[in-house]
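Accompanying notes for the structure given below.
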Amino acid sequence: QVQLVESGGGLVQAGGSLRLACAASGRAFSSYVMGWFRQAPGKEREFVAAISWSGASTYYADSVKGRFTISRNNAKNTVYLQMNSLKPEDTAVYYCAAVIAHKVVISGADYNYWGQGTQVTVSS
């Protein structure tokens, strides 16, 4: 079992930056693949980024590639999402998720644990 709590969301102007954090409690955080997803009003949840248990492998949605960076600190049981050059279309509730796996997972249906989400709003 792992519990996830996101933080770092807020209101930012287009072109600005935010850093989201997801703190995990429970055992064996370093065994989990971690992912970030987002859901905008009236839209389906979509994959944003994922990172392997070691941090050696990452994967990004095309819409955020080159602007967002996922990272993790296993000693602190935390995964981060650095978001730069934010656009109004990045506005959504951002969720972190966890699953025990040997490689990066991009399907939300495969994740077992989810946080409560943090709101990111980008104004134009």
Side-chain angles (χ1 to χ4, degrees):
Q1 289 273 349
V2 63
Q3 292 79 44
L4 305 173
V5 178
E6 302 95 336
S7 62
L11 173 64
V12 64
Q13 289 189 332
S17 298
L18 281 175
R19 188 194 196 201
L20 305 183
C22 173
S25 60
R27 298 187 296 177
F29 173 75
S30 60
S31 299
Y32 289 86
V33 166
M34 301 298 297
W36 285 98
F37 293 79
R38 66 187 182 186
Q39 187 167 20
K43 295 187 177 181
E44 293 187 353
R45 182 181 64 196
E46 65 174 354
F47 168 80
V48 175
I51 188 167
S52 62
W53 64 270
S54 67
S57 297
T58 57
Y59 193 84
Y60 298 91
D62 287 343
S63 59
V64 306
K65 201 172 295 183
R67 299 188 298 122
F68 291 10
T69 302
I70 188 171
S71 62
R72 67 189 295 162
N73 185 328
N74 286 344
K76 295 185 177 180
N77 282 13
T78 303
V79 63
Y80 305 96
L81 186 68
Q82 177 67 44
M83 305 186 296
N84 299 330
S85 302
L86 282 161
K87 305 174 181 179
E89 52 263 44
D90 294 318
T91 295
V93 177
Y94 283 71
Y95 300 90
C96 71
V99 61
I100 293 180
H102 295 295
K103 59 181 181 179
V104 169
V105 176
I106 64 173
S107 171
D110 292 328
Y111 282 82
N112 303 119
Y113 304 102
W114 293 83
Q116 83 290 348
T118 186
Q119 177 70 47
V120 172
T121 302
V122 184
S123 63
S124 57

Review point. Does the cation-pi check pass for R72 over F29, that is, NZ or CZ under 6.0 Å from the six-membered ring centre and within 45° of its axis?
Key: yes
Exercise for review: Could you list all the salt bridge (charged side-chain N to carboxylate O under 4.0 Å, His left out) pairs where at least one residue sits in residues 47-62, not counting sequence neighbours?
Suggested key: D62-K65
**Study point:** Close side-chain approach of V79 to W36, heavy-atom, < 4.5 Å
**Key:** yes
Study note, to complete from the structure: Nearest heavy-atom contact between Q82 and S17 is NE2-CB, 4.0 Å
Review point. Heavy atoms, side chains only, cut-off 4.5 Å: are T91 and Q119 in contact?
Key: yes
**Study point:** Reported CE-to-OG distance for the pair M34 and S71, which is rounded to 0.5 angstrom
**Key:** 11.5 Å
Check your understanding: Could you give the distance from CH2 (W53) to OG (S31), rounded to the nearest 0.5 Å?
Key -> 8.0 Å
Study note, to complete from the structure: Excluding W114, membership of its hydrophobic cluster (Ile, Leu, Val, Met, Phe, Trp, Tyr; side-chain heavy atoms within less than 4.5 Å) reads V33, F37, F47, Y59, V93, Y95, V99, V104, V105, I106, Y111
Study note, to complete from the structure: d(N74 CG, S54 OG) to nearest 0.5 Å is 8.0 Å
Study note, to complete from the structure: Residue pairs passing the salt bridge (charged side-chain N to carboxylate O under 4.0 Å, His left out) test with at least one member in residues 7-21, sequence neighbours excluded, are none
Exercise for review: Treating Ile, Leu, Val, Met, Phe, Trp and Tyr as nodes and any side-chain heavy-atom pair under 4.5 angstrom as an edge, say whether L18 and Y94 lie in one connected cluster.
Suggested key: yes
Check your understanding: Any idea which heavy atoms bring A14 and P88 closest together, and the distance?
Key -> CB-CD, 4.1 Å
Check your understanding: Would you say the side chain of M83 lies within less than 4.5 Å of the side chain of V64, judging by non-hydrogen atoms?
Key -> no
Exercise for review: Calculate, to the nearest 0.5 Å, the distance between atoms CG and OG1 belonging to L81 and T118 respectively.
Suggested key: 11.0 Å
Check your understanding: Would a distance-only check, ignoring hydrogens and angles, find a side-chain to backbone donor-acceptor pair under 3.5 Å from E6 to Q116?
Key -> yes
Review point. Any side-chain heavy atom of F68 sitting closer than 4.5 Å to one from L86?
Key: yes
Review point. Is there side-chain contact between R38 and V120, with at least one heavy-atom pair below 4.5 Å?
Key: no
Check your understanding: Atom CD1 in I70, atom SG in C96: separation rounded to 0.5 Å?
Key -> 9.0 Å
**Study point:** Member of L4, N77, T78 meeting the side chain to side chain contact (heavy atoms under 4.5 Å, CB included) criterion with C22
**Key:** L4
